[in-house]
Amino acid sequence: MRVREVHGFDLTPVEARRLQEELAGRVEEGPPLEIGEVRHVAGADVSTGRGMAYATVAVLDFPGLSVVEVRGFEAPLRFPYVPGLLAFREVPAVIGALREVETPVDALICDAQGRAHPRRMGLACHVGLFVDVPTVGCAKSRLVGDFREPGEEKGSVSDLLHGGEVVGRVVRTRDGVSPVFVSVGNRMDLGSAVELVLACCTRYRLPEPVRQAHNAANRLRREGQMGLL
DNA sequence: GCGACAG
DNA sequence: ATCTTGTCGC
């Protein structure tokens with residue numbers, strides 16, 4: 001996959017925060033994703049340990065959701081975990097893995113926030129500026145915003161509000177499970193993002209591409225490899 | 001000053 | 001996220 005060199009990552013937290021304010025203006029909300037045209041969906045995740053970041057990207061066919069490619073990339077952690085600045089800690093490793101993906105991907109789901117971020121620049125938006133693929137943020141917990149608990153049935157949703165705007169949606173992906181937080185990454189629309197995430201949650205709470213990437217990242221960290229295809 | 005806080 | 005055993009629930 002083609003990856004652009006938007007900027008370097010040798011920054012301090014103060015510089016990183018200022019860069020986010022500038023980059024947020026480059027994020028594109030829309031157009032709607034033609035989900036009927038989607039052939040492949042990828043998921044990205046990062047596992048950390050012993051000063052290293054182990055990033056993986058799993059590519060699945062759609063709507064079948066079987067794994068067709070898995071790539072991994074490890075890089076030293078050069079930035080601390082600071083709420084709101086996660087991208088500066090994990091993106092270097094993520095783009096390393098994305099660079100090695102050979103399958104044409106139509107959409108990428110990141111295990112993090114997109115526009116549901118204090119400066120509308122979550123990791124999913126950040127990754128979306130480095131690639132041409134539309135990105136979606138699907139996090140397991142909230143970073144910012146207020147919301148009402150969605151209904152208990154799969155498919156129930158509620159708006160995630162912050163600073164007077166709808167920055168994302170709280171989505172129940174399976175009956176009875178805790179909801180996930182979906183928001184636009186880049187080149188995508190919120191409705192499409194929710195639709196895609198729901199279409200990827202056939203058996204588990206998290207979208208299958210993200211689950212596969214998560215498992216591969218843990219294997220990469222523990223065993224130094226992910227298993228072939 | 002106090003509480004919140006993706007992974 | 002990671003560190004970790006047993007244990008409560010479907």
Side-chain angles (χ1 to χ4, degrees), chain A residues 9 13-14 16-17 19-20 23-24 27 43-58 72-98 108-129 135-147 152-154 160-163 167-186 190 193-194 197 203-207 209-224:
Chain A
F9 284 87
V14 171
R17 212 168 270 114
L19 178 56
Q20 285 185 325
L23 296 178
V27 173
D45 189 43
V46 178
S47 179
T48 61
R50 296 168 300 187
M52 295 292 281
Y54 301 82
T56 56
V57 173
F73 188 87
E74 49 187 278
L77 287 169
R78 306 186 302 166
F79 200 92
Y81 169 68
V82 179
L85 300 180
L86 179 65
F88 296 90
R89 178 177 174 79
E90 304 190 339
V91 168
V94 172
I95 59 180
L98 285 172
L108 172 66
I109 303 176
C110 298
D111 180 29
Q113 308 290 351
R115 300 228 90 179
H117 176 279
R119 290 168 291 283
R120 306 291 180 270
M121 196 54 205
L123 184 149
C125 298
H126 217 121
V127 169
L129 291 179
T135 61
V136 176
C138 179
K140 297 181 292 299
S141 61
R142 180 197 79 98
L143 174 58
V144 296
D146 302 302
F147 65 97
E152 290 300 312
E153 325 72 45
K154 169 176 183 174
L160 179 60
L161 306 162
H162 182 248
V167 297
R169 259 185 203 114
V170 186
V171 183
R172 192 82 64 184
T173 57
R174 299 292 289 163
D175 286 9
V177 303
S178 50
V180 298
F181 299 76
V182 179
S183 57
V184 170
N186 194 24
L190 183 54
V194 171
V197 166
R203 299 187 57 176
Y204 303 92
R205 178 173 82 119
L206 300 181
V210 171
R211 281 190 65 256
Q212 294 295 340
H214 189 283
N215 292 333
N218 284 325
R219 291 192 311 253
L220 179 59
R221 176 168 60 76
R222 304 191 323 256
E223 303 155 27

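So you know, we letter chains A, B, ... as the sequences are listed, proteins then strands, and number each from 1.
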_Let me confirm one number: the CZ-CG distance from A:Arg89 to A:Leu123, rounded to the nearest 0.5 Å._
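Taking CZ in A:Arg89 and CG in A:Leu123, the distance rounds to 12.0 Å.
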*What's the spacing between A:His117 NE2 and A:Arg119 CZ if we round to 0.5 Å?*
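Output value for this atom pair is 5.0 Å.
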Any donor-acceptor pair under 3.5 Å linking the side chain of [X] with the backbone of [Y]?
X	Y	result
A:Gln212	A:Val57	no
A:Arg142	A:Gly145	yes
A:Thr135	A:Cys125	no

*asked:* Under a 3.5 Å threshold, yes or no: a donor from one side chain and an acceptor from the other, between A:Arg221 and A:Ser47?
replied: yes
Would you tabulate the side-chain donor-acceptor contacts of residues 167-176 of chain A under 3.5 Å, counting partners in other chains and residues two or more places apart, or write 'none'?
unit_1: A:Arg169; atom_1: NE; unit_2: A:Asp159; atom_2: OD1; d: 3.2
unit_1: A:Arg172; atom_1: NE; unit_2: A:Gly151; atom_2: O; d: 2.9
unit_1: A:Arg172; atom_1: NH1; unit_2: A:Val177; atom_2: O; d: 2.7
unit_1: A:Arg172; atom_1: NH2; unit_2: A:Glu149; atom_2: OE2; d: 3.2
unit_1: A:Arg172; atom_1: NH2; unit_2: A:Pro150; atom_2: O; d: 2.7
unit_1: A:Arg172; atom_1: NH2; unit_2: A:Gly151; atom_2: O; d: 3.4
unit_1: A:Arg172; atom_1: NH2; unit_2: A:Glu152; atom_2: OE2; d: 3.2
unit_1: A:Thr173; atom_1: OG1; unit_2: A:Arg205; atom_2: O; d: 2.6
unit_1: A:Arg174; atom_1: NH1; unit_2: A:Thr202; atom_2: O; d: 2.9
unit_1: A:Asp175; atom_1: OD1; unit_2: A:Lys154; atom_2: N; d: 2.8

*asked:* I want to check one thing: is the phosphate of C:dT2, taken as OP1 and OP2, less than 4.0 Å away from some side-chain N or O of A:Asn218?
replied: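 Yes, A:Asn218 has a side-chain N/O under 4.0 Å of OP1/OP2 on C:dT2.
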*Intra- and inter-strand pairs of DNA chain C in dot-bracket (Watson-Crick or G-U wobble, both distances under 3.5 Å; | for another strand)*: ..........
*Have a look at A:Arg221 and say if it touches a base, only the backbone sugar-phosphate, or nothing, with a 4.0 Å heavy-atom cut-off.*
sugar-phosphate
*Which part of the nucleic acid, if any, lies within reach of A:His214 when heavy atoms closer than 4.0 Å are counted: base, sugar-phosphate only, or nothing?*
sugar-phosphate
*Starting at the 5' end of DNA chain B, what dot-bracket string do you get if Watson-Crick and G-U pairs under 3.5 Å are bracketed, crossing pairs use [ ], other-strand pairs use | and unpaired bases use dots?*
.......
_Protein proximity profile, nucleotides 2-7 of chain B - base contact B, sugar-phosphate-only contact S, no contact -, cut-off 4.0 Å on heavy atoms_ = --SBBB
*asked:* One character per nucleotide, please: for nucleotides 5-10 of chain C, 5' to 3', B when the base has a protein heavy atom closer than 4.0 Å, S when only the sugar-phosphate does, - otherwise.
replied: ------
Using residues 74-87 of chain A as the side-chain source, report each donor-acceptor pair under 3.5 Å to any protein atom, sequence neighbours left out, with the distance given to one decimal.
none

*When the ring centroid of A:Tyr54 is compared with that of A:Phe73, is the distance short of 6.0 Å?*
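They do not qualify: ring centres at least 6.0 Å apart.
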